[in-house]
Amino acid sequence: MRYIPSPIPIQCSWVYSATANKSGRMQYHKIKPGHSKQRISRSEFIKAYNETQIIALKPLQAGGNETDFQMEFYV
């Protein structure tokens, strides 16, 4: 998947990420840029995705797999 980053620096309060660990299980995190990274539940991730104002979405290609990808979104 091709991704074109924004040339403008993004100011955000939180970054939410959905990534797969080595066994393939999804892990969800809420990140305060420059401060902390907290693991969250799948339902909290989905709620944030559906209810917050997203300013950017970044797909993360899974290593060695061209069809599956992970993602981050910025609020």
[X] side, atom [atom1]; [Y] side, atom [atom2] - distance, nearest 0.5 Å:
X: Ser17; Y: Phe45; atom1: OG; atom2: CZ; value: 7.0 Å
X: Ile54; Y: Cys12; atom1: CD1; atom2: SG; value: 12.0 Å
X: Glu44; Y: Tyr16; atom1: CD; atom2: OH; value: 6.0 Å

Original post:
Just by distance, do the side chain of Gln70 and the backbone of Ala20 share a donor-acceptor pair under 3.5 Å?
Top reply: yes
Original post:
Looking only at heavy atoms, what is the nearest atom pair of Leu57 and Tyr49, with distance?
Top reply: CD1-CE1, 4.5 Å
Original post:
Where is the tightest heavy-atom contact between Ile55 and Gln11, given as atom of each residue plus distance?
Top reply: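 Answer, listing the atom of Ile55 first, then Gln11: CD1-O, 3.3 Å.
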Please list, one pair per line, the donor and acceptor atoms closer than 3.5 Å that link side chains of residues 25-35 to other protein atoms, with sequence neighbours excluded.
unit_1, atom_1, unit_2, atom_2, d
His35, ND1, Pro33, O, 3.2

**OP:** Taking side chain to side chain donor-acceptor pair (under 3.5 Å) as the test, write out the residues that go with Ser41, two or more places apart.
**Re:**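 Counting only residues at least two positions away or on another chain, Ser41 forms a side chain to side chain donor-acceptor pair (under 3.5 Å) with Ser43.
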Subject >> Counterpart residues, side chain to side chain donor-acceptor pair (under 3.5 Å), relative to Asn21 (two or more places apart) >> reply: Ser23
